[in-house]
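Letters go in sequence order (proteins before strands), and every chain restarts at 1.
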Amino acid sequence: MAIIKRITSSLAAWVAATPLLAWLLGALAAVLLEHGVGRPLADLLGLPKVPVLFGMVLALKSPGLILSAVAYGTIIYIVPIVLITRLGAGVLNQAAAGLLRLNLSASVVIHLCLLYAVLHLWSDISDYRVLTLKLTLIAVMLTLSLNVINGYMGEFSCSHPGFMALGAYVTSVFTVAFFVKDKLFGPPLLPPELGPYFFPVALVLGGLAAALGALLVAIPSFRTRGDYLAIISLAFMFIVKSAIENLEVVGGARGLRSQPDWANLPFVFLVTVLCVWVINNFVNSTMGKALNAVRDNEMAAEAMTVDTRRTKIVAFMFAGFWAGVAGGLFAHVLRYVNPATFGIQRLAEVLAMVYFGGLNSVYGSIVGAVSINLLGEALRPLELFKWIIIPLLLILVMIYRPTGLVSFKEFNVRRLVSPKTPPGGDR
Amino acid sequence: MTYFLQNLVNALQWGSFYALIALGYSMVYSILMLFNFAHGDIFMVGAYIGFGVASALVAFNSLGLVVLPGWLLLVLTILVSMLLTSFVGMLVERIGYRPLRDAPRASAAITGLMIGIILETGNLALLGAQRVRLPTMIQSVTYDLGGVFITNKKIMIVLVSLGLMLTLHQFVRRTKWGMAMRAMAYDYAVVPLMGVPLNKIAAMTFAIGSALAAAAGILYGVAYPVLDPYMGIVFGWKAFVAAILGGRGSIMGACLAGFLLGFIEIFVTMVFPSTLRDLIAYGIIMLILVFRPHGFFGEAYSARLRL
Amino acid sequence: MSLLRVEHMTHYFGGLQAVSDYALELEPGQIKGLIGPNGAGKTTIFNLITGIHTPSEGHVYLDGQEITGLRPHRIAAQGLGRTFQNLALWRHMTVLEHVKMAHYSRIDYGLVGAFLGSRRRRVQEQEFTERSRELLRMLDIESHAEQLVVNLPYGVQRRVEMARALATDPKVLLLDEPTVGMTAEELRQMIEVIHLVHQRLGLAVFIIEHRLRFVMELCQEVQTLVFGRVVAQGEPEEILNHPKVIEAYLGEDWED
């Protein structure tokens, strides 16, 4: 027991002394190493190919290779990260401090560039990684935007797949009709070369369509809360799905395909960062904190001059907008959508990510979306049992941490990029 | 006119499934102020348990030791399955709801949803993706009442459903346990202080609700014998909507709203193409809730506050 | 012209008459009290004045302007601050966040500022923080600024509510049973606090109370409400000996 205690405390001290900069550089070293020697190392260890998801999928598929997969993970990922974070902590703390003194925004941008470099190099190995990464980033946007309503404002909204569908279809119709030769819409109306420049416009249109749809849920929420609002939002979701199924113009139940391939990794990454940044800005302002006041006591909020109706409209439309944008990206990542994608299944998934990660917390949404998504991919070889393990995990989290893993925690960018000084020591 | 009457009969049958399932949602709500989101899947489990029991009984019958008549097989199937499914319900309460009694309500909703997924997947894992057929126990007889066709099955389904609802009503009104349930529905916080054991009542409520869902599952199987693991999703969510429409925690409301939903769906398909069924049904529900935000029999807990 | 004037206010819940023909004149700098047995409709009168319910009949004027039928946040922004009988705090918010939130009506950085974080927003949020801290200092609870309200002692929670109400910049402060459930020590402190806001900020105060001693000590004039109707009105001493008041309070522990 004493040993475990010592290990955990030294681990904690290590983590406490390591700035974000060091983690990112460590990860960068790891992915560079994988680029250089990943393939030969995998051959050497007898692995059929470079393990795509840290060897988890491989270990489940052919248990005989577990040792090799672990060895691969250790050499490629753990060793460089540990080395850099341990040896470089001092220098990098100073570097982080220097950056911060220079300018907060500059420091944030540099961190983001590093993060992107890591993700890009990591996903470069295989198309599967690129796809998983894009879908995970989109899941972060969805989860965070649902958290605005269900976490920050405390309503139980079930309409998110509906908002997502609105965004996905409006964006797709725009891009397909204007820039692609297609069975449904005929020849492109504008020269396709212009397309990529209009993609952000298409996404904004999709987001706005979803935000308008969100009004249909927001207005009833003036008078109704809790269960009844949950049902109204659920009905909204079914209505959107069913409406699309009946709209032959956009392909009906068969779906809509041939979206152009514009949702590349840098673009999805940028939009996700924008989404996190804007939502975090909002929920930390007094105007955004009004959501919490409405959640915790609506009557008191009104008595303290908070316009609760406006607050609700803003929250629903804002969340709807980002869900719509996420839907638009989703459609262009898969380059095919059909209404069945936006049903109860999707709802359960988004709710799971929000409540697993943690309510009222940007960290929580990131943790929830990333872990549920990666877990889902990693457990894929288990097929059916995946859908027993993940729900069980979520039930356990709900029992032991009913508001999720990282709930009610403020996402402070300055603290995130600040240097870390070990307790009791000044290096 | 006959066309209308024919649809009326169909709507009665369709509505009785919804009503029986909605009862389970509503009862749990009245006791715990929570919806049991696994309830739709308990309906599915009930139907499958019914399939197991019926298959066993039919096999036993074919041995020729004693030959039981078809109606007795059906009655036995319903009763045994109701009993078995009530245990499933109690298990769900024990695992997914009791540990979360003091947690935020949304957390319990999530565990319910997850238990539902586990039940669906468990079923797939056990029985495979093939659909199963509930064995035929009673032969279908069709009566022609001046152009309106009614089968003995439809009559049986509606009568059994109504019978179960009446039994529940009597149970809640007349027995000691029923009274304890009503007291608990009235005041969740105080009643346990007066010596009524909350855990027991909660378990019992889940048991009764699940038993009714099992009955609905088997009756559904009698009408539409092909079962599949996801049948609980569609039915469950719609019955849940009915429970809310009836007013949270109102038994009477749940029954009426269940039938209402059945009527809406059947009559929508009478007039419009059937692909529009969900669209119009949910549209009507949304309108009802917007203009009558607390259902038909629910108390307007904050309607007086002008916020 | 009185600061807060209520004329012929009557209200029905369903068919039940909860308040009948209520009138009030509150002058600037005045402290008035409203007493009455439980269920007399005292809180209903507060809710009618502050817009949580709209009166079935009658008019409410604040500083000469009619506020009848406005939504509560508009009325609050026009200068009617209030506290609640059973503390209506926001359980996941810190003390400082509570007081900052009450500045909502003065936010002028708009949605764009909230989403993108403009300079205007930084400046204004800073202003709100400073002003909130000032109020907390005045009420002697600044040391709790970063704590969640649920973890604080009852007396402090009451002060948080008071600070929050003051942050809306009210002309009139409505206090709904500010001493309910308080110990003798907390009660004494609350009297000081009310004196403080009355003298330092010069506010008019309207208090619902159950404890007569408290009302007697603070108020210049007292109304007595029984079954939604004012049965007696006057200086505290008059009220104390008024036969209708004695009748209404008969059997109640009104000197607790």
Side-chain angles (χ1 to χ4, degrees), chain A residues 104-105 108 148 151-154 207 211 222-223 274-315 317-319 321-322 358-361 403 407-410 413-414, chain C residues 46-47 50-52 71-84 86-94 97-118 121-122 124-125 127-129 132 148-150 161 164-165 167-170 174 176:
Chain A
L104 176 64
S105 331
V108 170
V148 169
Y152 289 94
M153 201 168 66
F222 294 165
R223 297 209 299 153
L274 189 71
C275 167
V276 172
W277 182 64
V278 170
I279 291 185
N280 189 48
N281 264 336
F282 178 59
V283 297
N284 281 325
S285 67
T286 298
M287 199 186 279
K289 291 251 162 77
L291 302 188
N292 297 1
V294 167
R295 173 194 63 204
D296 289 349
N297 192 325
E298 195 172 336
M299 205 190 339
E302 275 278 340
M304 294 306 127
T305 74
V306 175
D307 187 342
T308 55
R309 289 188 185 178
R310 182 186 132 109
T311 303
K312 287 173 179 178
I313 285 199
V314 168
M317 291 186 75
F318 185 53
F321 176 83
W322 285 112
L359 295 176
N360 201 98
S361 151
T403 51
S407 49
F408 296 97
K409 192 169 181 332
E410 200 173 309
V413 179
R414 175 179 283 274
Chain C
F46 263 31
N47 288 347
T50 55
I52 290 176
R71 283 175 49 216
H73 71 272
R74 292 278 309 280
I75 294 178
Q78 291 205 8
L80 208 58
R82 76 170 288 183
T83 65
F84 292 84
N86 311 308
L87 290 171
L89 295 167
W90 299 304
R91 56 172 310 189
H92 292 287
M93 286 164 69
T94 66
E97 283 171 347
H98 270 78
V99 187
K100 278 181 80 177
M101 183 51 65
H103 292 82
Y104 184 92
S105 64
R106 261 162 288 165
I107 296 176
D108 63 7
Y109 49 72
L111 281 176
V112 176
F115 292 155
L116 305 178
S118 61
R121 165 178 160 180
R122 263 204 310 284
Q124 209 179 18
E125 292 279 347
E127 262 173 43
F128 291 168
T129 309
S132 304
L148 291 180
V149 282
V150 279
E161 249 210 341
R164 186 176 71 169
T168 61
D169 217 1
L174 305 185
D176 194 348

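- Between the side chain of Asn281(A) and the backbone N or O of Phe115(C), at least one donor-acceptor pair lies under 3.5 Å.
- Remark: side-chain polar atoms of Thr305(A) are paired, donor with acceptor, to backbone N or O of Ser105(C) under 3.5 angstrom.
- When each of Asp307(A), Thr311(A), Val306(A) is checked for a side-chain contact (heavy atoms from CB on, under 4.5 Å) with His73(C), only Asp307(A) meets the rule.
- Contact annotation for Val283(A): neither backbone nor side-chain heavy atoms come within less than 4.5 Å of a heavy atom of chain C.
- There is no side-chain donor-acceptor pair under 3.5 Å between Ser285(A) and Glu125(C).
- Taking each heavy atom of Ala290(A) and Tyr104(C) in turn, the nearest pair found is CB-CE1, 3.8 Å.
- The shortest heavy-atom contact between Ala303(A) and Phe84(C) is CB-CZ, 3.7 Å.
- Annotation: maximal heavy-atom pairing with chain C below 4.5 Å, among Asp296(A), Ile279(A), Val314(A), occurs at Asp296(A).
- Between Leu89(C) and Asn297(A), the closest heavy-atom pair is O-CB, 4.0 Å.
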Would you be so kind as to tabulate the donor-acceptor pairs closer than 3.5 Å made by side chains of residues 74-83 of chain C, with sequence neighbours excluded?
{"residue": "Arg82(C)", "atom": "NH1", "partner": "Asn47(C)", "partner atom": "OD1", "Å": "2.9"}
{"residue": "Arg82(C)", "atom": "NH1", "partner": "Thr50(C)", "partner atom": "OG1", "Å": "3.3"}
{"residue": "Thr83(C)", "atom": "OG1", "partner": "Asp176(C)", "partner atom": "N", "Å": "3.3"}

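- What you find for Met101(C) and Thr286(A) is that their closest heavy atoms are CE-O, 3.4 Å.
- Taking both residues in full, the closest heavy atoms of Arg121(C) and Asn284(A) are given as NH2-C, 3.8 Å, listed atom of the first, atom of the second, then distance.
- From Asn292(A), atom CG reaches atom NE2 of His92(C) across 8.5 Å, with rounding to the nearest 0.5 Å.
- In plain terms, the two heavy atoms of Arg164(C) and Met304(A) that are nearest each other are CG-SD, 3.4 Å.
- For Ile107(C), the part lying under 4.5 angstrom from a heavy atom of chain A is the side chain only.
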Query raised in the report: Step by step, would you call Ile52(C) with Met299(A) a side-chain contact (heavy atoms from CB on, under 4.5 Å)?
Result: CA-CA 8 Å; Ile52(C) 290 176; Met299(A) 205 190 339; 3.2 Å; yes
